[in-house]
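Please read all numbers here as calculations on a predicted model, not as lab measurements.
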Amino acid sequence: MPQARILVVDDEVQLQKALRVRLEREGYQVEVAGDGEEALRLFDQNRPDLVILDVMLPRLDGFGVCSALRERSDTPIIILSARSDELDKLVGFRLGVDDYMTKPFSLSELVLRVAAVLRRAGTRAGAPGAPSGVLRFPTLEIDARRRHVVRQGQPIQLTAKEFDLLWLLASHPQAVFSREQILEHVWQSDYAGDLNNVTVLVSRLREKLEADPAHPSYIETVRGVGYRFCG
């Protein structure tokens with residue numbers, strides 16, 4: 001079975017080398033880029049399975065790269081940053097990243113997170129255990145196998161996590177999920193995430209799905225508890 005291809009984007013040459021050596025030792029195919037524009041060129045050329053992306057980059061910063069990648073693909077992205085500000089993390093998750101690590105970090109932990117993100121991506125892509133079937137509501141259709149969403153006849157483009165959240169809620173209509181349960185299901189239990197990430201993800205999904213995100217008709221907030229789908 002072919003090993004996953006990883007694009008490492010960081011302008012620190014020593015860190016580039018360390019990441020390449022460690023990831024190749026784990027069996028991954030690794031390419032490196034030193035700035036944001038080179039990252040986009042290599043991504044378009046080779047379509048890696050995962051991108052490890054530094055925030056502070058020359059020519060185009062990591063958030064700019066992330067935004068451009070999300071216009072192209074839902075390929076998993078792990079952000080690396082020397083800044084631990086919560087705002088930076090929220091910006092990253094709002095752009096659709098899959099994980100966020102603060103420098104300095106353990107290479108062993110990064111390897112574990114890479115494996116976890118790729119495992120989730122493999123399940124989404126159709127590995128055993130992936131959700132299947134089509135959910136149909138009066139104005140909405142959700143196809144799990146194709147990961148395709150249509151609202152009132154118009155396709156809606158969702159990131160991987162946005163789709164995972166929608167499928168979780170819509171496949172259990174009227175059931176209330178707490179933010180903790182959503183964090184566990186969407187990020188999975190090996191991800192020690194922040195509950196604010198769930199709030200950001202719900203907001204992002206509403207912006208794409210709802211005619212009026214301020215007055216949602218699909219994803220309802222149950223105050224003090226969590227969220228439920230009302231299709």
Side-chain angles (χ1 to χ4, degrees), residues 1-125 127 159-161 183 186-194 197:
M1 181 177 178
Q3 289 294 332
R5 292 164 296 133
I6 298 176
L7 174 60
V8 173
V9 188
D10 200 297
D11 63 337
E12 296 180 44
V13 176
Q14 292 304 314
L15 182 57
Q16 271 189 15
K17 291 179 179 179
L19 290 173
R20 182 196 282 274
V21 168
R22 182 57 187 270
L23 291 169
E24 287 182 344
R25 187 185 304 162
E26 298 294 327
Y28 298 113
Q29 300 176 34
V30 181
E31 288 185 297
V32 297
D35 63 67
E37 292 184 5
E38 183 185 13
L40 294 178
R41 180 180 62 79
L42 288 176
F43 182 88
D44 290 337
Q45 180 178 315
N46 300 308
R47 290 288 168 167
D49 299 298
L50 182 143
V51 178
I52 298 175
L53 179 63
D54 187 28
V55 171
M56 302 300 291
L57 293 170
R59 303 178 72 184
L60 180 65
D61 73 13
F63 291 139
V65 173
C66 183
S67 180
L69 291 179
R70 280 293 166 259
E71 292 176 358
R72 292 162 161 80
S73 168
D74 65 355
T75 298
I77 299 171
I78 297 177
I79 284 281
L80 306 179
S81 178
R83 303 182 301 198
S84 59
D85 293 349
E86 182 178 4
L87 179 59
D88 280 354
K89 293 183 180 181
L90 293 178
V91 168
F93 284 111
R94 189 175 288 277
L95 288 172
V97 306
D98 293 76
D99 206 343
Y100 190 109
M101 295 189 70
T102 302
K103 296 179 178 180
F105 54 84
S106 158
L107 288 178
S108 296
E109 181 183 356
L110 176 64
V111 167
L112 291 174
R113 294 203 188 197
V114 164
V117 169
L118 286 171
R119 184 166 60 248
R120 293 195 297 268
T123 299
R124 292 196 297 258
T159 67
K161 275 192 169 53
L183 192 68
V186 176
W187 277 265
Q188 300 200 10
S189 58
D190 51 19
Y191 178 83
D194 189 321
N197 298 337

Would you say the side-chain atoms of Glu38 pair up with the backbone N or O of Gly34, donor to acceptor, closer than 3.5 Å? yes
Tell me, please, which residues at least two apart from Glu37 pass salt bridge (charged side-chain N to carboxylate O under 4.0 Å, His left out). Arg59
Checking Phe105, Phe63, Tyr100 against Ser81 for side-chain contact (heavy atoms from CB on, under 4.5 Å), the one that qualifies is Tyr100
Please list every donor-acceptor pair under 3.5 Å in which a side-chain atom of residues 14-21 meets a protein atom from a residue at least two apart or in another chain.
unit_1	atom_1	unit_2	atom_2	d
Gln16	NE2	Asp10	O	2.6
Gln16	NE2	Ala33	O	3.3
Arg20	NH1	Glu24	OE2	3.4
Arg20	NH1	Val30	O	3.1

Could you check whether any side-chain heavy atom of Val9 comes within less than 4.5 Å of a side-chain heavy atom of Val65, counting everything from C-beta outward? no
Less than 4.5 Å apart, any side-chain heavy atom of Asp11 and any of Asp35? no
Quick one: do Asp98 and Arg70 make a salt bridge, cutoff under 4.0 Å? yes
Which atom names give the shortest non-hydrogen contact between Val32 and Leu42, and what distance separates them? O-CD1, 3.4 Å
Is it the case that the side chain of Arg5 and the backbone of Asn46 share a donor-acceptor pair, with hydrogens and angles ignored and the cut-off at 3.5 Å? yes
Does any part of the side chain of Asp49, heavy atoms only, come nearer than 4.5 Å to the side chain of Pro76, both counted from C-beta? no
Quick one: does Asp61's side chain have a donor or acceptor within less than 3.5 Å of a partner on Met56's backbone? no
Over all heavy atoms of both residues, which pair between Leu7 and Pro48 is shortest? Give the atoms and the distance, please. CB-CG, 3.8 Å
For residues Leu80 and Asp54, report the shortest heavy-atom separation together with the two atoms involved. O-OD1, 3.0 Å
Residue from Arg113, Lys89, Lys161 passing salt bridge (Lys or Arg N to Asp or Glu O under 4.0 Å) with Asp99: Arg113
